[in-house]
Amino acid sequence: MAQKTTTTHKIKIKKGDLVKVIAGNSKGVQGKVLSILVDANRAIVEGAQIVKKHTKPSAANPNGGIIEKEASINISNLALIDPKTGTTTRIGRKVNAEGKIVRFAKKSGEEIK
């Protein structure tokens with residue numbers, strides 16, 4: 001059986017960025033990126049794409065039950081929030097004064113930390 005291959009693109013969103021969900025069930029939700037799944041081209045965003053997971057009793061959770069947790073969202077459904085204006089923006093890359101490549105918000109020109 002042939003293995004499914006996906007094309008990987010340059011992921012411009014990093015862990016810790018403040019993003020807004022622009023498509024899907026969680027559209028409009030803002031949150032911090034908790035992790036990036038590079039191989040799957042997806043990200044886990046705090047407070048977005050909440051799913052219910054049924055768990056068996058374990059040492060950590062003796063009763064088991066249903067817990068709610070964040071599921072991954074495709075990177076294409078996320079937009080970075082501009083640190084200066086608070087609106088969504090695209091991301092560019094440029095060389096700063098020290099000669100380092102940094103990300104910047106295309107709307108305001110503000111450097112992204």
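Note that these values count all heavy atoms, side chains included, but never hydrogens, waters or copies made by symmetry. Heads up: numbering here begins at 1 and tracks the sequence.
Rounding to the nearest 0.5 angstrom, the gap separating the CG atom in L80 from the CG atom in L18 is 7.5 Å. Here CD of E70 is found 4.5 Å from CD1 of I50. Values are rounded to the nearest 0.5 Å. Note that CG of L78 is 10.5 Å distant from CD1 of I11, once rounded to the nearest 0.5 Å. Note that the CZ atom of R103 and the CZ atom of R93 stand 9.5 Å from one another [nearest 0.5 Å]. Considering CG of N61 and CD1 of I67, their distance stands at 7.0 Å, rounded to 0.5 Å.
Linking Ile, Leu, Val, Met, Phe, Trp and Tyr whenever their side-chain heavy atoms come within less than 4.5 Å puts V38 and I13 in one cluster. Under the 4.5 Å side-chain contact rule for hydrophobic residues, V19 and I44 do not share a cluster.
In the displayed structure, K84 atom NZ is contacted under 6.0 Å by at most 12 heavy atoms of other residues, nucleotides or ligands. Within a 6.0 Å sphere centred on CG of N74, heavy atoms belonging to other residues, nucleotides or ligands number more than 12.
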(message) K20 vs Q30, test: side-chain contact (heavy atoms from CB on, under 4.5 Å). Steps then yes/no.
(response) CA-CA 4 Å; K20 183 175 186 176; Q30 292 184 9; 4.1 Å; yes
(request) For the pair V102 and K94, evaluate side-chain contact (heavy atoms from CB on, under 4.5 Å) and give the outcome as yes or no after the intermediate values. (result) CA-CA 6 Å; V102 293; K94 65 180 178 183; 4.2 Å; yes
(message) What verdict does the side-chain contact (heavy atoms from CB on, under 4.5 Å) test give for K69 and T55, after you've listed the backbone C-alpha separation in whole Å, the side-chain angles of each residue and the deciding distance to 0.1 Å?
(response) CA-CA 12 Å; K69 60 181 274 184; T55 57; over 6 Å; no
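Considering all non-hydrogen atoms of both residues, S72 and R42 come closest at OG-NE, 2.7 Å. Among all heavy-atom pairs drawn from E110 and P83, the shortest one is CG-CG, 3.8 Å. Closest approach of V29 and G47 over heavy atoms only: CG1-O, 3.7 Å. In this structure, K113 and D17 approach most closely via the heavy-atom pair O-OD1, 4.5 Å. Heavy atoms only, all atoms of each residue included: V21 and S26 are closest at CB-O, 3.4 Å. Taking both residues in full, the closest heavy atoms of I73 and A48 are given as CD1-CB, 3.8 Å, listed atom of the first, atom of the second, then distance.
Residues I91 and K106 fail the side-chain proximity criterion, which asks for heavy atoms closer than 4.5 Å. Taking the side chain as every heavy atom from C-beta outward, I112 and K12 never approach each other to under 4.5 Å.
Of the possible donor and acceptor atoms, one in the side chain of K107 sits under 3.5 Å from a partner among the backbone N and O of T88.
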